Protein chains: 2
Amino acid sequence: MQRFKIDDVAKETGLTKRTIRYYEEIGLIKPPERSEKGTRLYTKEDVEQLKKVIAAREVLGFSLQELHHFLTLKKAIESHHFEYRNAVDQDEKKQELQNIASILRKQIDMLEQKMKKMLELKNELEQLEQRVQTILQEEERRG
Amino acid sequence: MQRFKIDDVAKETGLTKRTIRYYEEIGLIKPPERSEKGTRLYTKEDVEQLKKVIAAREVLGFSLQELHHFLTLKKAIESHHFEYRNAVDQDEKKQELQNIASILRKQIDMLEQKMKKMLELKNELEQLEQRVQTILQEEERRG
DNA sequence: TATAACATTAACGTTAACGTTAGATTTAGT
DNA sequence: ACTAAATCTAACGTTAACGTTAATGTTATA
């Protein structure tokens, strides 16, 4: 399979090489493969993962910590097999699952709040736009 | 009319006094009235303005610079009388208005992008929530 | 009227999220 | 095989958005 070096990834994603290494450093992306001599070699999936992170950061305005938190949560759900041997394990798992469920609900509610506020702002901007357009048209008529 | 001192405003908004002064310092909120001896005295409207800023910052994840940019834009539209004396003035005004219109459009498009991405993330979270709920229910049945 | 609980400015400290530079290897092109 | 270009780690620099502290003055209340 094809591997990309960090400069290619940088150009593809628009991030700097420093930023990519930094994201790896803080655990936001998984450390990629290395060549024998230590050069980072990224797969296509690595790049996709990185692009997701960028979208979440840029578009959603999440902090890197929030992103890390979310990614950890997702992995916890996806990787856990939820097997157990005895009653104690079962109880622990249940607690954990309910905890995760609670966090998820909060995040979803937060997103809904954000979207609501965003819609309000959008409406406000559109009203402003309308006003500007009206003024321009009036000038056109008079001009 | 009633005036509030900075500590009241801090308690009302949840910001620290330092933050409120800082927002004034960088021009994000207008400097409030002062008592003869220099104590800041805020009106109800000042507090409302501040709350709007908080919402935009917290909920929309805008940087203070972006907020400043937006507020400046809004003021430019609202305060401008769009009067002119001669053809040169008229041309300048028109340029300015078209510039503002262009910026507004970009911001609106950006908001739409953000909302779209946000919806995708919300769906993703809801799927995860569903999975967790399913697992919990299966345990309930077995348990 | 004293004193505790506020207010002010000024300045230095802190954390996140990188940028920049340095010095040493590695890889790629001729 | 040599040189230019790219990679690595390590470490210090920078900016935004405040926190903290200090030194000083003001307001409220017992």
Side-chain angles (χ1 to χ4, degrees), chain A residues 1-43 46-47 49-72 114, chain B residues 1-43 46-47 49-72 114:
Chain A
M1 214 218 290
Q2 207 185 339
R3 299 298 143 104
F4 308 91
K5 296 211 284 185
I6 198 163
D7 203 31
D8 305 327
V9 180
K11 271 162 193 163
E12 172 74 17
T13 60
L15 299 177
T16 68
K17 292 178 272 186
R18 171 66 169 113
T19 300
I20 297 172
R21 294 198 192 97
Y22 176 68
Y23 283 3
E24 179 188 336
E25 188 183 327
I26 64 173
L28 205 55
I29 58 176
K30 77 172 223 292
E33 234 182 294
R34 298 279 189 133
S35 80
E36 225 164 90
K37 288 304 182 181
T39 302
R40 269 167 261 249
L41 301 174
Y42 297 88
T43 70
D46 291 337
V47 179
Q49 168 71 12
L50 200 43
K51 283 185 181 175
K52 278 199 168 188
V53 168
I54 296 167
R57 184 203 62 175
E58 281 191 349
V59 180
L60 303 178
F62 286 175
S63 75
L64 299 185
Q65 283 205 4
E66 286 172 317
L67 283 179
H68 191 258
H69 189 228
F70 168 60
L71 292 175
T72 305
K114 284 201 180 192
Chain B
M1 215 219 289
Q2 208 185 339
R3 299 298 143 103
F4 307 91
K5 296 210 283 185
I6 198 164
D7 203 31
D8 305 328
V9 179
K11 273 164 191 163
E12 173 73 18
T13 60
L15 299 177
T16 68
K17 292 178 272 185
R18 172 64 170 116
T19 300
I20 297 173
R21 293 197 191 98
Y22 176 68
Y23 283 3
E24 180 186 338
E25 189 183 325
I26 63 174
L28 203 57
I29 57 176
K30 77 173 223 292
E33 235 181 293
R34 297 280 189 134
S35 79
E36 227 166 88
K37 289 302 181 183
T39 301
R40 268 167 262 250
L41 300 175
Y42 296 88
T43 70
D46 290 338
V47 179
Q49 168 72 11
L50 200 44
K51 283 186 182 175
K52 278 200 168 189
V53 168
I54 297 166
R57 184 204 62 173
E58 280 192 349
V59 180
L60 303 177
F62 285 175
S63 76
L64 298 185
Q65 283 204 6
E66 286 172 318
L67 283 178
H68 192 257
H69 190 228
F70 168 61
L71 292 175
T72 305
K114 283 201 181 193

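Only this structure's heavy atoms are used, side chains among them; waters, hydrogens and symmetry mates stay out. Each chain gets a letter, A, B and so on, in the order its sequence line appears, and its residues count up from 1. Since we're looking at a predicted model, the values are computed, not measured.
- Minimum heavy-atom separation, V53(A) to L28(A): CG1-CD2, 3.7 Å.
- Put simply, Y23(A) has a side-chain N or O that comes within less than 4.0 Å of OP1 or OP2 on dC18(C).
- The OH atom of Y22(A) sits 15 Å away from the C1' atom of dG13(D) (whole-angstrom rounding).
- For the pair I20(A) CD1 and dT9(D) P, the interatomic distance rounds to 13 Å; values are reported in whole Å.
- Here the C1' atom of nucleotide dA16(D) and the CZ atom of R57(B) are 13 Å apart, to the nearest Å.
- With sequence neighbours left out, K17(A) forms a side chain to side chain contact (heavy atoms under 4.5 Å, CB included) with I6(A), D7(A), A10(A), R21(A).
- Taking atom CD of residue E25(A) and atom P of nucleotide dG19(C), one finds them 13 Å apart after rounding to whole Å.
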Nucleotides 5-11 of chain C: protein proximity per nucleotide (B base, S sugar-phosphate only, - neither; heavy atom, under 4.0 Å): -SSBB--

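- When the side-chain nitrogen and oxygen atoms of T16(A) are compared with OP1 and OP2 of dC18(C), none of them lie within a distance under 4.0 Å.
- K114(A) meets the side chain to side chain contact (heavy atoms under 4.5 Å, CB included) test with F62(A), M110(A), V59(B), M118(B); sequence neighbours excluded.
- Within residues 60-70 of chain A, the residues having any heavy atom under 4.0 Å from DNA chain C are, by residue number, S63(A), L64(A), Q65(A).
- For the side chain to side chain contact (heavy atoms under 4.5 Å, CB included) test, residues two or more places apart in sequence or in another chain that qualify with E58(A) are I54(A).
- F70(B) contributes atom CZ, which lies 9.5 Å from atom CG of L60(B) (distance to the nearest 0.5 angstrom).
- Annotation: the span from Y23(A) atom OH to L64(A) atom CG amounts to 4.5 Å, rounded to 0.5 Å.
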Could you go through the side chain to side chain contact (heavy atoms under 4.5 Å, CB included) check for K5(A) and D8(A) one step at a time? CA-CA 6 Å; K5(A) 296 211 284 185; D8(A) 305 327; 4.1 Å; yes

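- For K51(B), the side chain to side chain contact (heavy atoms under 4.5 Å, CB included) partners two or more places apart in sequence, or in a different chain, are E12(B), T13(B), V47(B), E48(B).
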